[in-house]
Amino acid sequence: MSLVPMTEFLPRAKKEGFAVGQFNMNNLEFVQGIAAAAKAEKSPFIFGVSEGAMRYMGLEYVVAMAEIAAKEAEVPVALHLDHGSSFEVAMKCIQAGFSSVMFDGSHHPYEENIRLTQEIVKAAHAVGVSVEGELGTIGGVEDDVQVDEEKAALANPKEAIRFWEETQVDAMAIAVGTAHGMYKGEPKIHFNIIEEVAQNIDAPIVLHGGSGVPDSAIQESIRLGVGKINVNTESQVACTQVIRDLLVSQPDMIDPRKYLGPGREAIQETVQGKMRLFGSSGKA
Ligand code: 13P
(Lines give C-alpha, C1' and ligand atoms only; values in the text may rest on other atoms or scores of the structure.)
Protein backbone atom coordinates (compact mmCIF):
# COMPACT_ATOMS: atom_id res chain seq x y z
CA MET A 1 0.00 0.00 0.00
CA SER A 2 1.04 3.61 -0.36
CA LEU A 3 1.36 5.89 2.67
CA VAL A 4 -1.96 7.06 4.14
CA PRO A 5 -3.00 9.79 6.59
CA MET A 6 -3.90 8.66 10.13
CA THR A 7 -7.56 9.43 9.37
CA GLU A 8 -7.59 6.17 7.37
CA PHE A 9 -7.62 4.22 10.64
CA LEU A 10 -7.86 6.44 13.74
CA PRO A 11 -11.62 7.16 13.63
CA ARG A 12 -12.25 3.41 13.41
CA ALA A 13 -9.81 2.76 16.25
CA LYS A 14 -11.68 5.11 18.59
CA LYS A 15 -15.06 3.68 17.54
CA GLU A 16 -14.05 0.03 17.90
CA GLY A 17 -11.91 0.48 21.02
CA PHE A 18 -8.38 -0.28 19.86
CA ALA A 19 -5.26 1.86 19.46
CA VAL A 20 -2.80 2.14 16.60
CA GLY A 21 0.87 2.19 17.56
CA GLN A 22 3.30 4.88 16.54
CA PHE A 23 6.66 3.17 16.36
CA ASN A 24 9.61 5.46 15.93
CA MET A 25 12.00 5.00 13.06
CA ASN A 26 15.67 5.27 14.01
CA ASN A 27 17.45 3.44 11.17
CA LEU A 28 16.89 0.77 8.50
CA GLU A 29 16.65 -2.06 11.05
CA PHE A 30 13.78 -0.23 12.79
CA VAL A 31 11.99 0.28 9.47
CA GLN A 32 12.28 -3.40 8.59
CA GLY A 33 11.56 -4.75 12.07
CA ILE A 34 8.42 -2.60 12.46
CA ALA A 35 7.16 -3.40 8.94
CA ALA A 36 7.71 -7.14 9.46
CA ALA A 37 5.77 -6.96 12.74
CA ALA A 38 2.86 -5.20 11.04
CA LYS A 39 2.79 -7.70 8.19
CA ALA A 40 2.75 -10.63 10.62
CA GLU A 41 0.03 -9.02 12.77
CA LYS A 42 -1.97 -7.55 9.85
CA SER A 43 -1.96 -4.30 11.79
CA PRO A 44 -2.03 -0.68 10.63
CA PHE A 45 0.75 1.42 12.14
CA ILE A 46 2.40 4.82 12.19
CA PHE A 47 6.09 5.46 11.58
CA GLY A 48 7.07 8.28 13.95
CA VAL A 49 10.04 10.37 12.83
CA SER A 50 11.51 12.97 15.17
CA GLU A 51 13.52 15.89 13.83
CA GLY A 52 16.64 14.30 15.33
CA ALA A 53 15.96 10.99 13.55
CA MET A 54 15.39 12.93 10.33
CA ARG A 55 18.77 14.64 10.67
CA TYR A 56 20.37 11.24 11.27
CA MET A 57 18.79 9.39 8.32
CA GLY A 58 18.11 12.25 5.88
CA LEU A 59 14.61 13.27 4.83
CA GLU A 60 14.73 11.59 1.41
CA TYR A 61 15.89 8.28 2.87
CA VAL A 62 13.12 8.40 5.47
CA VAL A 63 10.38 8.82 2.85
CA ALA A 64 11.86 6.23 0.48
CA MET A 65 12.24 3.64 3.25
CA ALA A 66 8.71 4.26 4.55
CA GLU A 67 7.21 3.90 1.05
CA ILE A 68 8.97 0.58 0.48
CA ALA A 69 8.01 -0.64 3.97
CA ALA A 70 4.34 0.19 3.32
CA LYS A 71 4.37 -1.83 0.09
CA GLU A 72 6.14 -4.74 1.78
CA ALA A 73 3.90 -4.78 4.86
CA GLU A 74 0.65 -4.61 2.81
CA VAL A 75 -1.11 -2.72 5.63
CA PRO A 76 -2.10 0.96 6.00
CA VAL A 77 0.97 2.94 7.11
CA ALA A 78 1.17 6.63 8.05
CA LEU A 79 4.51 8.44 7.90
CA HIS A 80 4.26 10.98 10.69
CA LEU A 81 6.46 13.84 11.88
CA ASP A 82 6.89 13.41 15.67
CA HIS A 83 7.01 16.61 17.76
CA GLY A 84 7.37 18.97 14.79
CA SER A 85 8.70 22.28 16.05
CA SER A 86 7.50 24.71 13.36
CA PHE A 87 5.27 25.37 10.35
CA GLU A 88 8.38 25.24 8.14
CA VAL A 89 9.43 21.75 9.29
CA ALA A 90 5.89 20.43 8.87
CA MET A 91 5.66 21.83 5.31
CA LYS A 92 9.09 20.42 4.41
CA CYS A 93 7.95 16.96 5.52
CA ILE A 94 4.64 17.20 3.65
CA GLN A 95 6.45 18.28 0.48
CA ALA A 96 8.84 15.34 0.85
CA GLY A 97 5.95 12.84 1.07
CA PHE A 98 4.91 12.56 4.76
CA SER A 99 1.22 11.63 5.11
CA SER A 100 0.87 13.02 8.64
CA VAL A 101 2.47 15.62 10.92
CA MET A 102 2.49 16.50 14.59
CA PHE A 103 2.88 20.09 15.63
CA ASP A 104 4.10 20.31 19.21
CA GLY A 105 3.21 23.82 20.28
CA SER A 106 2.92 22.80 23.92
CA HIS A 107 5.73 25.16 25.02
CA HIS A 108 3.87 28.16 23.55
CA PRO A 109 1.18 30.03 25.49
CA TYR A 110 -2.26 28.36 25.04
CA GLU A 111 -3.77 30.84 22.54
CA GLU A 112 -0.55 30.90 20.52
CA ASN A 113 -0.49 27.07 20.42
CA ILE A 114 -4.05 27.12 19.03
CA ARG A 115 -3.19 29.75 16.41
CA LEU A 116 -0.02 27.99 15.21
CA THR A 117 -1.76 24.59 15.14
CA GLN A 118 -4.66 26.05 13.13
CA GLU A 119 -2.21 27.27 10.45
CA ILE A 120 -0.72 23.81 10.10
CA VAL A 121 -4.12 22.08 10.06
CA LYS A 122 -5.30 24.40 7.27
CA ALA A 123 -2.27 23.72 5.07
CA ALA A 124 -2.05 19.99 5.86
CA HIS A 125 -5.75 19.21 5.42
CA ALA A 126 -5.74 21.02 2.07
CA VAL A 127 -3.42 18.32 0.75
CA GLY A 128 -4.94 15.35 2.62
CA VAL A 129 -2.34 15.15 5.40
CA SER A 130 -3.46 14.41 8.98
CA VAL A 131 -2.37 16.47 12.00
CA GLU A 132 -1.70 15.76 15.69
CA GLY A 133 -1.64 18.61 18.19
CA GLU A 134 -0.33 18.69 21.77
CA LEU A 135 -1.47 20.27 24.98
CA GLY A 136 0.32 20.07 28.31
CA THR A 137 3.97 19.05 28.46
CA ILE A 138 5.16 15.44 28.43
CA GLY A 139 8.15 14.85 30.71
CA GLY A 140 11.40 13.09 29.82
CA VAL A 141 13.73 13.28 26.82
CA GLU A 142 12.76 12.60 23.20
CA ASP A 143 15.61 13.79 20.97
CA ASP A 144 15.28 17.60 20.83
CA VAL A 145 12.34 17.68 23.28
CA GLN A 146 13.49 17.75 26.91
CA VAL A 147 11.12 18.40 29.78
CA ASP A 148 12.01 18.11 33.44
CA GLU A 149 9.55 15.50 34.80
CA GLU A 150 8.91 17.64 37.87
CA LYS A 151 7.89 20.55 35.66
CA ALA A 152 5.80 18.54 33.18
CA ALA A 153 2.34 20.12 33.20
CA LEU A 154 -0.78 17.97 32.90
CA ALA A 155 -3.35 19.04 30.33
CA ASN A 156 -6.39 20.91 31.58
CA PRO A 157 -9.43 18.99 30.20
CA LYS A 158 -11.53 22.10 29.46
CA GLU A 159 -8.62 23.67 27.58
CA ALA A 160 -8.00 20.42 25.69
CA ILE A 161 -11.63 20.27 24.54
CA ARG A 162 -11.57 23.87 23.32
CA PHE A 163 -8.17 23.25 21.67
CA TRP A 164 -9.72 20.43 19.64
CA GLU A 165 -12.86 22.41 18.78
CA GLU A 166 -10.81 25.31 17.47
CA THR A 167 -8.07 23.38 15.66
CA GLN A 168 -9.89 20.23 14.44
CA VAL A 169 -6.70 18.17 14.80
CA ASP A 170 -7.09 14.49 13.85
CA ALA A 171 -5.35 13.24 16.99
CA MET A 172 -4.98 15.00 20.32
CA ALA A 173 -1.88 14.46 22.44
CA ILE A 174 -2.51 15.51 26.03
CA ALA A 175 -0.17 15.23 28.98
CA VAL A 176 -1.76 12.75 31.39
CA GLY A 177 1.26 11.62 33.42
CA THR A 178 3.31 9.55 30.97
CA ALA A 179 6.87 10.53 30.05
CA HIS A 180 9.32 9.82 27.24
CA GLY A 181 11.95 7.19 28.15
CA MET A 182 11.78 4.43 30.77
CA TYR A 183 10.15 5.13 34.16
CA LYS A 184 11.95 4.93 37.47
CA GLY A 185 8.78 3.77 39.21
CA GLU A 186 5.32 3.19 37.84
CA PRO A 187 3.80 6.12 35.92
CA LYS A 188 0.74 7.73 37.49
CA ILE A 189 -1.71 8.10 34.65
CA HIS A 190 -4.58 10.53 35.17
CA PHE A 191 -7.38 8.47 33.64
CA ASN A 192 -9.95 11.11 34.59
CA ILE A 193 -8.34 13.57 32.15
CA ILE A 194 -8.41 11.00 29.32
CA GLU A 195 -12.05 10.21 30.04
CA GLU A 196 -13.30 13.78 30.21
CA VAL A 197 -11.49 14.89 27.04
CA ALA A 198 -12.25 11.73 25.02
CA GLN A 199 -15.97 12.00 25.72
CA ASN A 200 -16.11 15.54 24.41
CA ILE A 201 -14.04 15.42 21.21
CA ASP A 202 -14.25 13.27 18.07
CA ALA A 203 -10.52 12.71 17.65
CA PRO A 204 -8.76 9.98 19.62
CA ILE A 205 -6.35 10.85 22.42
CA VAL A 206 -2.66 10.15 21.86
CA LEU A 207 -0.60 8.60 24.64
CA HIS A 208 3.05 9.61 24.32
CA GLY A 209 5.74 7.80 26.30
CA GLY A 210 4.12 4.37 25.86
CA SER A 211 7.30 2.47 26.85
CA GLY A 212 7.19 0.91 30.29
CA VAL A 213 3.51 1.67 30.93
CA PRO A 214 1.92 -1.43 32.53
CA ASP A 215 -0.35 -3.45 30.22
CA SER A 216 -3.39 -2.89 32.45
CA ALA A 217 -2.92 0.91 32.30
CA ILE A 218 -2.61 0.75 28.52
CA GLN A 219 -5.84 -1.25 28.27
CA GLU A 220 -7.68 1.13 30.57
CA SER A 221 -6.45 4.14 28.55
CA ILE A 222 -7.71 2.57 25.31
CA ARG A 223 -11.05 1.78 26.91
CA LEU A 224 -11.41 5.45 27.87
CA GLY A 225 -10.57 6.86 24.42
CA VAL A 226 -6.85 6.63 23.64
CA GLY A 227 -6.53 5.65 19.95
CA LYS A 228 -2.82 6.20 19.26
CA ILE A 229 0.08 5.11 21.45
CA ASN A 230 3.71 6.08 20.86
CA VAL A 231 6.52 3.62 21.55
CA ASN A 232 10.21 4.18 20.96
CA THR A 233 12.37 3.48 24.02
CA GLU A 234 11.20 -0.12 24.53
CA SER A 235 12.19 -1.04 20.96
CA GLN A 236 15.55 0.69 21.46
CA VAL A 237 16.19 -1.14 24.72
CA ALA A 238 15.29 -4.54 23.23
CA CYS A 239 17.46 -3.99 20.15
CA THR A 240 20.48 -2.62 22.01
CA GLN A 241 20.38 -5.31 24.70
CA VAL A 242 20.65 -8.08 22.10
CA ILE A 243 23.48 -6.30 20.28
CA ARG A 244 25.36 -5.55 23.52
CA ASP A 245 25.13 -9.18 24.66
CA LEU A 246 26.38 -10.41 21.29
CA LEU A 247 29.31 -8.02 21.13
CA VAL A 248 30.33 -8.77 24.71
CA SER A 249 30.10 -12.55 24.30
CA GLN A 250 31.74 -12.55 20.84
CA PRO A 251 34.36 -9.78 20.79
CA ASP A 252 35.63 -10.96 17.37
CA MET A 253 32.29 -10.25 15.70
CA ILE A 254 32.83 -7.53 13.07
CA ASP A 255 30.15 -8.12 10.42
CA PRO A 256 27.35 -5.62 11.30
CA ARG A 257 24.72 -7.93 9.78
CA LYS A 258 25.56 -10.52 12.44
CA TYR A 259 24.50 -8.22 15.30
CA LEU A 260 22.08 -5.84 13.57
CA GLY A 261 20.01 -8.78 12.27
CA PRO A 262 19.25 -10.10 15.77
CA GLY A 263 18.69 -6.48 16.89
CA ARG A 264 16.09 -6.15 14.13
CA GLU A 265 14.37 -9.34 15.28
CA ALA A 266 14.18 -7.95 18.83
CA ILE A 267 12.48 -4.81 17.49
CA GLN A 268 9.98 -6.92 15.56
CA GLU A 269 9.16 -9.00 18.63
CA THR A 270 8.66 -5.89 20.79
CA VAL A 271 6.41 -4.24 18.19
CA GLN A 272 4.30 -7.37 17.65
CA GLY A 273 3.71 -7.57 21.41
CA LYS A 274 2.52 -3.94 21.45
CA MET A 275 0.22 -4.45 18.44
CA ARG A 276 -1.49 -7.34 20.23
CA LEU A 277 -1.74 -5.33 23.46
CA PHE A 278 -3.19 -2.31 21.62
CA GLY A 279 -5.76 -4.52 19.86
CA SER A 280 -4.65 -3.39 16.37
CA SER A 281 -3.68 -6.91 15.21
CA GLY A 282 -5.97 -8.05 12.41
CA LYS A 283 -7.34 -4.52 11.87
CA ALA A 284 -5.47 -3.75 8.62
P1 13P B 1 8.89 6.36 24.56
O2 13P B 1 10.28 6.53 23.99
O3 13P B 1 8.85 6.59 26.03
O4 13P B 1 8.28 5.07 24.15
O5 13P B 1 7.99 7.54 23.93
C6 13P B 1 7.87 7.64 22.54
C7 13P B 1 7.10 8.84 22.17
O8 13P B 1 6.23 9.29 22.88
C9 13P B 1 7.43 9.50 20.88
O10 13P B 1 6.78 10.72 20.73
Side-chain angles (χ1 to χ4, degrees), residues 4 6 8-10 12-14 16-27 29-50 53 66 69-70 72-80 82-83 100 102 132 138 140 142 171 173 176-183 186-187 189 191 194 204-242 262-284:
V4 297
M6 300 194 297
E8 285 283 320
F9 43 72
L10 286 192
R12 181 178 165 215
K14 182 164 178 177
E16 293 182 18
F18 66 92
V20 177
Q22 171 189 305
F23 301 101
N24 283 55
M25 186 197 276
N26 294 287
N27 63 11
E29 281 67 28
F30 274 74
V31 174
Q32 293 176 323
I34 295 163
K39 186 168 189 163
E41 294 296 324
K42 298 189 173 33
S43 167
F45 75 95
I46 299 149
F47 271 131
V49 188
S50 68
E72 277 286 314
E74 298 171 335
V75 298
V77 180
L79 176 60
H80 181 69
D82 193 20
H83 293 284
S100 190
M102 173 185 188
E132 173 181 342
I138 292 153
E142 175 79 13
V176 293
T178 54
H180 293 127
M182 285 311 230
Y183 300 91
E186 215 175 87
I189 301 184
F191 295 109
I194 297 177
I205 307 285
V206 182
L207 196 67
H208 279 250
S211 295
V213 178
D215 290 1
S216 56
I218 292 281
Q219 281 158 343
E220 179 65 357
S221 308
I222 296 172
R223 194 183 69 76
L224 294 172
V226 163
K228 171 178 183 275
I229 303 177
N230 295 4
V231 175
N232 186 23
T233 305
E234 258 190 69
S235 309
Q236 292 184 331
V237 168
C239 172
T240 305
Q241 190 60 52
V242 166
R264 182 172 63 189
E265 281 167 24
I267 295 164
Q268 178 178 345
E269 201 180 314
T270 306
V271 172
Q272 279 192 240
K274 295 296 177 196
M275 287 171 166
R276 287 182 202 157
L277 173 65
F278 300 166
S280 67
S281 297
K283 301 286 188 187

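- Pairing each heavy atom of Gly210 with each of Ile229, the nearest pair is CA-CG2, 4.1 Å.
- Pro262 is not listed as a side-chain neighbour of Cys239, based on a closest heavy-atom distance of 4.5 Å or more.
- Shown here for Leu10 and Gly227, the closest heavy-atom pair between the two residues is CD2-O, 3.4 Å.
- Atom OG in Ser280 sits 12.0 Å away from atom CD in Glu16 (nearest 0.5 Å).
- One finds the CZ atom of Arg264 at 10.5 Å from the CG atom of Asn27 (value rounded to the nearest 0.5 Å).
- Asn24 is not listed as a side-chain neighbour of Val49, based on a closest heavy-atom distance of 4.5 Å or more.
- Contact record, Ala37 with Val271: CB-CG1, 3.6 Å, taken as the closest heavy-atom pair.
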task = Evaluate the criterion side-chain contact (heavy atoms from CB on, under 4.5 Å) for residue pair Val226 and Phe18; output intermediate values, then yes/no.
result = CA-CA 8 Å; Val226 163; Phe18 66 92; over 6 Å; no

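- Looking only at side-chain heavy atoms (C-beta outward), Leu207 and Lys228 stay at 4.5 Å or farther from each other.
- Annotation: side chain of Ser50 is not in contact with side chain of His83 (no heavy-atom distance under 4.5 Å).
- Summarising the geometry of Ile194 relative to Gly225, their closest heavy-atom pair is CG2-N, 4.4 Å, with the distance given to 0.1 Å.
- Separating the CD1 atom in Ile267 from the CZ atom in Phe30 is a distance of 4.0 Å, to the nearest 0.5 Å.
- Closest heavy-atom contact between Ala35 and Ala73: O-CB, 3.7 Å.
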request  = Report the C-alpha distance between Val77 and Ile46 in whole Å, list the side-chain angles of each, state the deciding distance to 0.1 Å, and finish with yes or no for side-chain contact (heavy atoms from CB on, under 4.5 Å).
outcome  = CA-CA 6 Å; Val77 180; Ile46 299 149; over 6 Å; no

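- With sequence neighbours left out, the side-chain contact (heavy atoms from CB on, under 4.5 Å) criterion links Ala173 to Met102, Glu132, Glu134, Val206, His208.
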inquiry  = For Asp82 and Asn232: C-alpha separation, side-chain torsions, deciding distance, then whether side chain to side chain donor-acceptor pair (under 3.5 Å) applies.
reply    = CA-CA 11 Å; Asp82 193 20; Asn232 186 23; over 6 Å; no

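- Scanning for ring pair (Phe, Tyr, Trp, His ring centres under 6.0 Å) contacts around Phe47 gives Phe45, with sequence neighbours left out.
- Residue Lys42 places its NZ atom among 12 or fewer non-hydrogen atoms of other residues, nucleotides or ligands, all under 6.0 Å distant.
- Legend: residues meeting side chain to side chain donor-acceptor pair (under 3.5 Å) with Gln272, ordered by chain and number and at least two apart, are Glu41, Gln268.
- Note that CG of Asn230 and CD of Gln22 are 3.5 Å apart. Values are rounded to the nearest 0.5 Å.
- Applying the side-chain contact (heavy atoms from CB on, under 4.5 Å) criterion to Pro76, with sequence neighbours excluded, gives Met1, Val4, Phe9, Pro44, Ala284.
- Between the OG atom of Ser211 and the NZ atom of Lys274 there is a distance of 6.5 Å, given to the nearest 0.5 Å.
- Partners of Gln241 under the side-chain contact (heavy atoms from CB on, under 4.5 Å) rule, at least two apart in sequence or in another chain, are Arg244, Asp245.
- The shortest side-chain heavy-atom distance between Met6 and His80 falls under the 4.5 Å cut-off.
- Residues Tyr183 and Thr178 are in side-chain contact: their nearest non-hydrogen atoms beyond the backbone lie under 4.5 Å apart.
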List the atom pairs, donor and acceptor, that lie under 3.5 Å between side-chain atoms in residues 215-222 and the rest of the protein, sequence neighbours left out.
| residue | atom | partner | partner atom | Å |
| --- | --- | --- | --- | --- |
| Glu220 | OE1 | Arg223 | NE | 3.0 |
| Glu220 | OE2 | Arg223 | NH2 | 3.0 |
| Ser221 | OG | Ala217 | O | 2.7 |

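- Between Gln32 and Glu72 the shortest side-chain heavy-atom distance does not fall below 4.5 Å.
- Looking at Asn26 and Gln236, their side chains come closer than 4.5 Å, going by heavy atoms from C-beta outward.
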